Chemist: 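Shown below is the structure under consideration.
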Amino acid sequence: MSYSTKFKLASICEVRSGYTARNRLDPVTEGGVRAIQLRDLEGEKDYDPAKAPLYLLGASSERYWVGPGDVMFRSRGERNTAVVVAPHSNASAVAILPLVVLHPNRDLVDPRYLAWAMNQPPAQRYFDKCALGTNIRMIPKAALDELEVELPDLKTQKLITELDALARRERDLARKLADRKFELAGLALLKHTQQQRRTTLPSGNCD
């Protein structure tokens, strides 16, 4: 039987604010470094830094690099969720504010489990309570540090994330199946309508 213990986020990973861009970021084709902005992330899918655009950033950007197995947190916006930097990637990139960089202690927490836990209702309710701002919702770093994460053993963590991945896959397949059924039903109705029209149209003879 697996037992879990609650840990504050700052005790199980290094938490750093993302790089603050002083000027507008315009992509370049060469001479720049890969950088990830909030808009680059798609939902809760893993992000591969290899596809990040290149930008001209200052030398101080080095401490904001994220690599395979790190986690990025959306500290601003309507939904404050976490995304894993694709573990299979062979690339790294700079995370730009309002992204927050999390470097998990792999001896305690699996990166996928950490992101999963931060995206679950208990953590989201905590963020709702801690959010600042009226026009733009923001989670302060101090509140993020204090987030309590329930940690079972690593084996159980990985099992949970595997089951979550299967559930997501099942949901996606169910949606695709429902869309396909809807499409086929529409085609069947259209075909039936066309057949009905042929049987009701006059033959065209004027005798």
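Below, all heavy atoms of this structure are taken into account, side chains as well, without hydrogens, waters or symmetry copies. None of the values given here were measured: they were computed from a predicted structure. One-based numbering along the sequence shown.
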Chemist: Apply side chain to side chain contact (heavy atoms under 4.5 Å, CB included) to Leu38 and Arg74, showing your working.
Modeler: CA-CA 7 Å; Leu38 183 64; Arg74 298 173 171 95; 3.3 Å; yes
Chemist: Decide whether Ile139 and Trp116 are clustered together by the hydrophobic rule: side chain heavy atoms of Ile, Leu, Val, Met, Phe, Trp, Tyr closer than 4.5 Å, transitively.
Modeler: yes
Chemist: Please report the shortest heavy-atom distance between Gln157 and Pro152, naming the atom on each side.
Modeler: NE2-O, 2.8 Å
Chemist: Once you round to the nearest 0.5 Å, how far does CD of Glu30 lie from CG of Leu56?
Modeler: 10.0 Å
Chemist: Please test Leu151 against Tyr113 for side chain to side chain contact (heavy atoms under 4.5 Å, CB included), starting from the C-alpha separation and ending with a verdict.
Modeler: CA-CA 9 Å; Leu151 291 186; Tyr113 176 84; 3.5 Å; yes
Chemist: Is there a chain of hydrophobic side chains (I, L, V, M, F, W, Y, each step under 4.5 Å between heavy atoms) that links Phe7 to Ile160?
Modeler: yes
Chemist: Any side-chain heavy atom of Met118 sitting closer than 4.5 Å to one from Thr81?
Modeler: no
Chemist: Side chains of Arg63 and Arg16: does their closest heavy-atom pair fall under 4.5 Å?
Modeler: yes
Chemist: Determine, stepwise, if the pair Leu144 / Phe127 fulfils side chain to side chain contact (heavy atoms under 4.5 Å, CB included).
Modeler: CA-CA 8 Å; Leu144 187 59; Phe127 295 141; 3.9 Å; yes
Chemist: Any link between Val15 and Val85 through a network of hydrophobic side chains (Ile, Leu, Val, Met, Phe, Trp, Tyr) touching at under 4.5 Å?
Modeler: no
Chemist: Run the salt-bridge test on Asp46 and Arg112 with the 4.0 Å N-O cut-off and return the result as yes or no.
Modeler: yes
Chemist: Got a sec, which hydrophobics cluster with Met138, joining ILVMFWY side chains under 4.5 Å apart, including via others?
Modeler: Leu132
Chemist: Regarding Thr161 and Asp164, do their side chains bring together a donor and an acceptor under 3.5 Å, going by distance alone?
Modeler: no
Chemist: About how many Å separate NZ of Lys6 and CG of Leu147, when rounded to the nearest 0.5 Å?
Modeler: 10.0 Å
Chemist: Any carboxylate oxygen within less than 4.0 angstrom of a Lys/Arg side-chain nitrogen, looking at Asp153 and Lys158?
Modeler: no
Chemist: Dump the intermediate steps for side chain to side chain contact (heavy atoms under 4.5 Å, CB included) on Leu154 and Leu108, then the final yes or no.
Modeler: CA-CA 7 Å; Leu154 285 170; Leu108 292 175; over 6 Å; no
Chemist: Without placing hydrogens or testing angles, list every side-chain donor-acceptor pair under 3.5 Å for residues 17-28, not counting sequence neighbours.
Modeler:
residue: Tyr19; atom: OH; partner: Gly58; partner atom: N; Å: 3.4
residue: Arg24; atom: NE; partner: Asp26; partner atom: OD1; Å: 3.0

Chemist: Does Ala82 offer a backbone N or O that forms a donor-acceptor pair with the side chain of Asn119 under 3.5 Å?
Modeler: yes
Chemist: So, for Pro53 and Tyr47, which heavy atoms are closest and what is the spacing to 0.1 Å?
Modeler: CD-OH, 4.4 Å
Chemist: In this structure, are over 12 heavy atoms from other groups packed under 6.0 Å from Lys51 atom NZ?
Modeler: yes
Chemist: Glu44 and Arg79: which non-hydrogen atoms are nearest, and at how many Å?
Modeler: OE2-NH2, 3.1 Å
Chemist: Which atoms form the tightest heavy-atom contact between Pro111 and Val84, and what is the distance?
Modeler: O-CG2, 3.7 Å
Chemist: Identify the heavy atoms of Asn80 and Gln124 that sit nearest to each other, and give their distance.
Modeler: O-NE2, 2.9 Å
Chemist: Can you confirm whether Ile136 is buried at CD1, in the sense that more than 12 heavy atoms of other residues, nucleotides or ligands lie under 6.0 Å from that atom?
Modeler: no
Chemist: Quick check for you: to the nearest 0.5 Å, what is the distance between Asp110 atom CG and Lys155 atom NZ?
Modeler: 14.5 Å
Chemist: For Gly32 and Leu54, which heavy atoms make the closest approach, and how far apart are they?
Modeler: O-CD2, 4.0 Å
Chemist: Hydrophobic clusters here meaning ILVMFWY residues chained together by side-chain heavy-atom distances under 4.5 Å, can you tell me if Tyr126 and Val149 are in one?
Modeler: yes
Chemist: Name each donor-acceptor pair under 3.5 Å that joins a side chain in residues 86-106 to protein atoms two or more places apart or in another chain, with its distance.
Modeler:
residue: Ser89; atom: OG; partner: Asp48; partner atom: OD1; Å: 2.5
residue: Ser89; atom: OG; partner: Ala91; partner atom: N; Å: 3.1
residue: His103; atom: ND1; partner: Asp70; partner atom: OD1; Å: 3.0
residue: His103; atom: ND1; partner: Asp70; partner atom: OD2; Å: 3.2
residue: Asn105; atom: OD1; partner: Asp107; partner atom: N; Å: 3.0
residue: Arg106; atom: NH2; partner: Pro68; partner atom: O; Å: 3.2
residue: Arg106; atom: NH2; partner: Gly69; partner atom: O; Å: 3.4

Chemist: Using 0.5 Å steps for rounding, measure from the CD atom of Glu14 to the CG atom of Leu9.
Modeler: 11.5 Å
Chemist: Same cluster for Val71 and Phe73 if Ile/Leu/Val/Met/Phe/Trp/Tyr side chains link at under 4.5 Å?
Modeler: yes
Chemist: Is the closest basic N to carboxylate O distance between Lys8 and Glu146 below 4.0 Å?
Modeler: yes
